[in-house]
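Report on the following structure.
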Amino acid sequence: MTATAESGRGSSGPAGLVLVLNSGSSSVKFAVLAPASGKRVLAGMAEKVGTPGTELRVRRYPDHVVTERLPEGTYRAVISQILGHLPEAGFGTAEASASGPGPAHLIGAGHRVVHGGERFTASVLVDNEVIAAIRASSHLAPLHNPANLAGIEAVRAARPDLPQVAVFDTAFHQTMPPRAFRYAVPEEWYTRYGVRRYGFHGTSYRFVSERAAALLGRPLAELRLVLAHLGNGCSVAAVRDGASVDTTMGLTPLEGLVMGTRSGDVDPGLFAFLADQAGLTIDELNTTLYTSSGLRGLSGVSNDMRTVEATAAEGNERAQLALEVFAHRLAKAIAGMVVGLERLDAVVFTAGIGENSAFIRSQVLSRLGFLGLTEDAEANARHGRGTRGRISLDGPVVAMVVPTDEELMIARDTARLTAAGARLRSAP
Ligand code: ADP
């Protein structure tokens with residue numbers, strides 16, 4: 001089954017709620033929502049997980065917020081505490097369970113899993129074999145996959161009967177052809193160690209491409225899109241007829257665009273050069289490229305685009321340069337993605353910067369006039385509200401803003417796969 005075939009358009013499974021979890025190395029983000037409508041019931045985050053100072057912040061919609069300290073900061077303790085909020089929210093109670101699945105009944109847990117390697121091309125129901133395969137991909141994401149697994153195992157311990165689904169950041173890009181995913185390095189690095197481009201942000205790209213097609217009123221199966229997911233991590237992807245054919249992130253989420261703290265592309269010769277000149281180790285270089293580079297490294301001010309924009313507007317030259325490098329590299333990447341599409345129908349901006357920074361979008365569009373893009377300044381200033389996302393003037397190519405919702409995509413996959421699993425179990 002391909003990632004595009006599994007997107008489950010139109011089918012969100014039975015009524016009920018899904019617990020969506022993003023378990024990181026020191027934090028757990030969660031949401032409880034209705035997959036059909038996207039309506040949130042609970043959301044929140046545990047920080048300093050793994051320490052005695054673990055704090056859990058829970059928002060019960062619309063606006064009741066509590067913060068709790070957990071003496072024991074294990075993933076299990078955090079998950080139990082989150083699940084403990086369910087009866088209070090009016091579901092998961094004995095009565096609700098006895099009366100069968102109702103609209104307020106928890107039907108499954110969906111986990112964001114960062115790396116699915118080449119094994120996972122779509123979201124899957126979690127079983128022992130899936131857990132083993134995620135563990136086997138852990139060398140590709142040593143900080144993330146073990147934490148994602150800890151979340152899965154904690155839910156299993158607390159609610160052994162609750163179906164769980166793994167949704168991979170990499171799965172959507174498994175449709176990339178070898179010419180896009182292979183590096184020009186010795187074959188053995190690929191066959192033995194899995195050195196290839198995987199790409200990330202796949203769940204967001206899947207959600208946003210479907211939504212963009214709906215807003216454009218055209219079938220996704222005949223659209224050629226370049227999507228720019230610009231959050232703390234930034235990447236661009238080429239989506240042809242609903243399938244990813246290229247993207248800027250690679251083996252790791254360090255490749256490609258300038259990001260908040262990550263460098264994006266650098267000359268690979270930089271490692272030997274700085275080891276020689278500055279005596280830096282591979283670990284030190286890697287950490288610097290991940291945490292002290294990007295907007296932060298260039299501007300010297302912040303990794304946060306809002307702060308960099310404000311400081312540049314006050315005349316700070318380093319902040320101005322950071323914005324220029326960011327926009328130049330982004331425009332170049334968008335233009336490069338058109339090679340895999342052969343025709344361009346729309347450029348779509350999403351995530352924190354993509355949805356909110358009219359300035360960056362304007363800077364990028366002004367560099368892409370040769371592709372047939374002209375900014376509609378008024379629509380751009382309104383972030384495409386009232387124009388079905390469109391921020392360009394009439395022309396052969398549309399530029400648009402489409403808000404992403406990865407949690408909703410995970411919830412929908414979870415609802416669809418748990419419903420399919422239940423049908424299988426009840427089949428004669
Ligand atoms: P994450 O990747 O962690 O989910 P987000 O998608 O929330 O992050 O994106 C965070 C980025 O979005 C930050 O750089 C932040 O400065 C930027 N951002 C949010 N709002 C604005 C805004 N109004 N103008 C410019 N940048 C913004």
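We count ligands from 1, going down the list as the structure has it; atoms in each ligand are counted the same way. Quick note: numbers below take in every heavy atom, side chains included, and nothing from hydrogens, waters or symmetry partners. Keep in mind that what you see is a predicted model, and the values were worked out from it rather than measured. In this chain, numbering begins with 1 at the start of the sequence shown.
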Report task. If you have a sec, work out which protein heavy atom is nearest atom 23 (N) of ligand 1 and how many Å separate them, to one decimal? Result -> Asn356 CB, 3.4 Å
Query raised in the report: Counting from 1, what ligand 1 atoms have a heavy atom of Ser357 closer than 4.0 Å?
Result: 25 (C)
Report task. Report the nearest protein non-hydrogen atom to atom 6 (O) of ligand 1: residue, atom name, distance rounded to 0.1 Å. Result -> Gly352 N, 2.9 Å
Query raised in the report: Closest non-hydrogen protein atom to atom 11 (C) of ligand 1, residue and atom name please, with distance?
Result: Ile353 CG1, 3.8 Å
Report task. Please report which non-hydrogen protein atom sits nearest to atom 27 (C) of ligand 1, along with the residue it belongs to and the distance in Å to one decimal place. Result -> Arg306 CG, 3.6 Å
Query raised in the report: Taking NZ, NE, NH1 and NH2 as the nitrogens, is one of them in Glu255 or Arg197 under 4.0 Å from a carboxylate oxygen of the other?
Result: yes
Report task. State plainly whether the residues Arg206 and Glu210 are in salt-bridge range, i.e. N to O under 4.0 Å. Result -> no
**Report entry** From CA spacing to verdict: ring pair (Phe, Tyr, Trp, His ring centres under 6.0 Å), Tyr198, His115
**Finding:** CA-CA 9 Å; Tyr198 292 94; His115 220 303; 4.6 Å; yes
Query raised in the report: Considering only protein heavy atoms, which is closest to atom 3 (O) of ligand 1, and at what distance to one decimal place?
Result: Asn232 ND2, 2.8 Å
Please tabulate, one pair per line, all N/O donor-acceptor pairs under 3.5 Å involving side-chain atoms of residues 338-349, not counting sequence neighbours.
| residue | atom | partner | partner atom | Å |
| --- | --- | --- | --- | --- |
| Glu342 | OE1 | Arg240 | NH1 | 2.7 |
| Glu342 | OE1 | Arg240 | NH2 | 3.0 |
| Arg343 | NE | Asp345 | OD1 | 3.2 |
| Arg343 | NH2 | Glu222 | O | 3.2 |
| Arg343 | NH2 | Asp345 | OD2 | 2.8 |
| Asp345 | OD2 | Arg224 | N | 2.9 |

Query raised in the report: Using the ring of each side chain (for Trp, its six-membered ring), is His201 parallel, tilted or perpendicular to His229, with breaks at 30° and 60°?
Result: parallel
Tell me which donor-acceptor pairs under 3.5 Å the side chains of residues 45-53 have, and how far apart each pair is, sequence neighbours excluded?
| residue | atom | partner | partner atom | Å |
| --- | --- | --- | --- | --- |
| Thr51 | OG1 | Lys48 | O | 2.7 |
| Thr51 | OG1 | Gly53 | N | 3.1 |

**Report entry** Heavy atom of the protein closest to atom 16 (O) of ligand 1 (residue, atom name, distance)
**Finding:** Asp304 OD1, 2.5 Å
Requested in this report: Would you verify whether the NZ or CZ of Arg196 falls within 45 degrees of the ring axis of Phe181 while also being under 6.0 Å from that six-membered ring's centre?
Outcome: yes
**Report entry** For atom 14 (O) of ligand 1, closest protein heavy-atom neighbour
**Finding:** Met305 N, 3.2 Å
**Report entry** Protein heavy atom under 4.0 Å of atom 18 (N) of ligand 1
**Finding:** yes
